[in-house]
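Please read through the structure below; I'll follow up with questions.
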Protein chains: 2
Amino acid sequence: MTAIIKPTESELEILNILWEKGPCTVREVHEVLEQNKDAGYTTTLKLMQIMHEKSLLLRDASSKSHIYTANVSQQKTQGQLVKRMIDNVFNGSASQLVMQALGHHQTNKAELEEIKKYLEEIERLQSK
Amino acid sequence: MTAIIKPTESELEILNILWEKGPCTVREVHEVLEQNKDAGYTTTLKLMQIMHEKSLLLRDASSKSHIYTANVSQQKTQGQLVKRMIDNVFNGSASQLVMQALGHHQTNKAELEEIKKYLEEIERLQSK
DNA sequence: GTAAACCTACGAATGTTTTCGTAAATGCAA
DNA sequence: TTGCATTTACGAAAACATTCGTAGGTTTAC
């Protein structure tokens, strides 16, 4: 019965900030957003209000500046987005996505090792 | 100067069909689409016309039924979408995406082996 | 040749996302 | 207390995505 999480691109930007920084006011979120693009304060406010309506965010309205918190986990959201990409873009093949990701992006040695370990663990689990 | 490819979800469905089947008429594309969802014929037509305007598709209008061809490669499109996901969802970490993809999806032994080989090749290249 | 079937073009309605202006409320400082 | 800065609420515009009806042209079958 897991709810379908489908944040838009703007919503994702806001979620990323909240995942990183924890509970924030609109002002705090806005100041981070401003570093990468320019949009008015009320735009950020409105977005976060809509996200609250959609239950993507929780809101503590007890002080003057409301405090917002992500109401979806980063893990779960990432998982759903990856699943959707595998289905829609890679015809269901996770390994195709993996190779695409490894092929075109800088991945340092430590990360590669980590992935390798992870692979071996999966194989161990599967062979049981 | 690589153009930014940003197909919508519906457009991606159409691209997938054209990548798989090669050049198609609207009718042919529509018949495949119908298997998974119901939309009218003119909806598919309109979408493909818009994709042609955007240069996502090429069109041969020499016969009565125009023949459309994908004008963006599957490789390149997948690459861009993956890059965007890494940036927007995984804060730039390809390995995070890889592990998310491996963790939550069935990947059979052959695929795992393929990925492992791929990893080793990357390491070989890097160590030079 | 005529009718039926099929195709394209086009406009418009609908829904969603993003943006921002304005007004009202709240808290703070002098 | 009065005025300024900050905040929320709200409405609406603008952009984009999706859907479909209708009109008009072309081909096919009889």
Side-chain angles (χ1 to χ4, degrees), chain A residues 3-18 23-69 72 77 80-81 84-85 88-89, chain B residues 3-18 23-69 72 77 81 84 88-89:
Chain A
I4 291 162
I5 304 166
K6 215 180 171 183
T8 66
E9 218 164 300
S10 304
E11 288 173 344
L12 203 50
E13 287 175 345
I14 289 172
L15 283 173
N16 275 321
I17 293 167
L18 291 172
C24 284
T25 62
V26 173
R27 173 70 51 195
E28 289 166 329
V29 168
H30 182 63
E31 265 159 18
V32 178
L33 279 182
E34 267 185 324
Q35 292 167 12
N36 298 319
K37 63 165 177 177
D38 66 335
Y41 173 80
T42 52
T43 300
T44 305
L45 171 65
K46 180 70 162 184
L47 271 171
M48 291 176 73
Q49 285 172 339
I50 290 172
M51 290 170 78
H52 177 238
E53 271 174 36
K54 294 186 189 173
S55 295
L56 283 174
L57 303 185
L58 296 177
R59 169 164 81 172
D60 171 1
S62 63
S63 55
K64 183 198 172 192
S65 298
H66 300 176
I67 293 173
Y68 290 85
T69 315
V72 292
T77 306
Q80 291 203 14
L81 291 173
R84 205 166 302 138
M85 172 158 285
N88 298 340
V89 183
Chain B
I4 291 160
I5 305 167
K6 215 181 173 183
T8 68
E9 218 166 301
S10 304
E11 288 172 343
L12 203 50
E13 287 175 346
I14 290 172
L15 284 174
N16 274 321
I17 294 167
L18 291 172
C24 284
T25 62
V26 174
R27 174 68 52 194
E28 288 166 330
V29 169
H30 182 62
E31 266 158 18
V32 178
L33 279 182
E34 266 184 324
Q35 292 167 13
N36 297 320
K37 62 166 179 177
D38 66 335
Y41 173 80
T42 53
T43 301
T44 305
L45 171 66
K46 181 69 162 185
L47 271 172
M48 291 176 74
Q49 284 171 340
I50 290 171
M51 290 170 77
H52 177 238
E53 270 173 38
K54 294 185 189 174
S55 295
L56 283 174
L57 303 185
L58 297 177
R59 169 163 81 171
D60 170 2
S62 64
S63 56
K64 184 198 171 190
S65 298
H66 300 177
I67 293 174
Y68 290 84
T69 315
V72 291
T77 305
L81 291 173
R84 205 167 302 139
N88 298 339
V89 182

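Every value quoted in this text rests on a predicted model; they were computed, and no experiment measured them. Letters go in sequence order (proteins before strands), and every chain restarts at 1.
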Shortest side-chain distance from Thr8(B), nucleotide among dT18(C), dA17(D), dT8(C): dA17(D)

Quick note, Ser65(B) side chain, CB onward, closest among dT19(C), dC7(C), dA9(D) is dC7(C)

Under 4.0 Å: is that the gap between some side-chain N or O of Arg27(B) and OP1 or OP2 of dC7(C)? yes

If you apply the rule salt bridge (charged side-chain N to carboxylate O under 4.0 Å, His left out), what do you find for Lys6(B) with Glu9(A), and how did you get there? CA-CA 12 Å; Lys6(B) 215 181 173 183; Glu9(A) 218 164 300; 3.5 Å; yes

Whole angstrom value for the distance that separates C1' of dC7(C) from CG of Asp60(B): 15 Å

Does a nitrogen or oxygen in the side chain of Tyr41(B) sit under 4.0 Å from OP1 or OP2 of dG21(D)? no

Expressed as a whole number of angstroms, how long is the span from Leu33(B):CG to dT18(D):P? 12 Å

Whole-Å gap separating C1' (dT17(C)) and CD (Glu13(A)): 13 Å

Search all heavy atoms of His52(A) against all heavy atoms of Tyr68(A) and return the closest pair with its distance. CB-CE2, 4.2 Å

Rounded distance [0.5 Å steps], CE in Met48(A) versus CD in Glu53(A): 13.5 Å

Exam field: side chain Thr42(A) to backbone Leu45(A), donor-acceptor pair closer than 3.5 Å: no

Using OP1 and OP2 only, check whether a side-chain N or O of Arg59(B) sits under 4.0 Å from dA9(C). yes

Using atom CD1 of Ile14(B) as one end and atom P of dT19(D) as the other, report the distance to the nearest whole Å. 10 Å

Does the side chain of Thr77(A) reach to within under 4.5 Å of the side chain of Pro7(A), using non-hydrogen atoms? yes

Heavy atom of residues 42-54 of chain A under 4.0 Å from DNA chain C: which residues? Thr42(A), Thr43(A), Lys46(A), Ile50(A), Lys54(A)

Nearest 0.5 Å please: distance from the CG atom of Leu18(A) over to the CD atom of Glu11(A). 12.0 Å

So does Lys64(A) reach the base of dT6(D) with its side chain, donor to acceptor, closer than 3.5 Å? yes

Please round to the nearest 0.5 Å and tell me the distance separating atom CD1 of Ile17(A) and atom CD of Glu28(A). 10.5 Å

Nearest-Å distance for atom pair CD/C1', residues Glu28(B) and dC6(C): 14 Å

Along DNA chain C (nearest heavy atom to each residue), the more 5'-positioned of Ser10(A) and Tyr68(B): Tyr68(B)

Separation of dC10(D) atom C1' from His66(A) atom NE2, nearest Å, is 14 Å

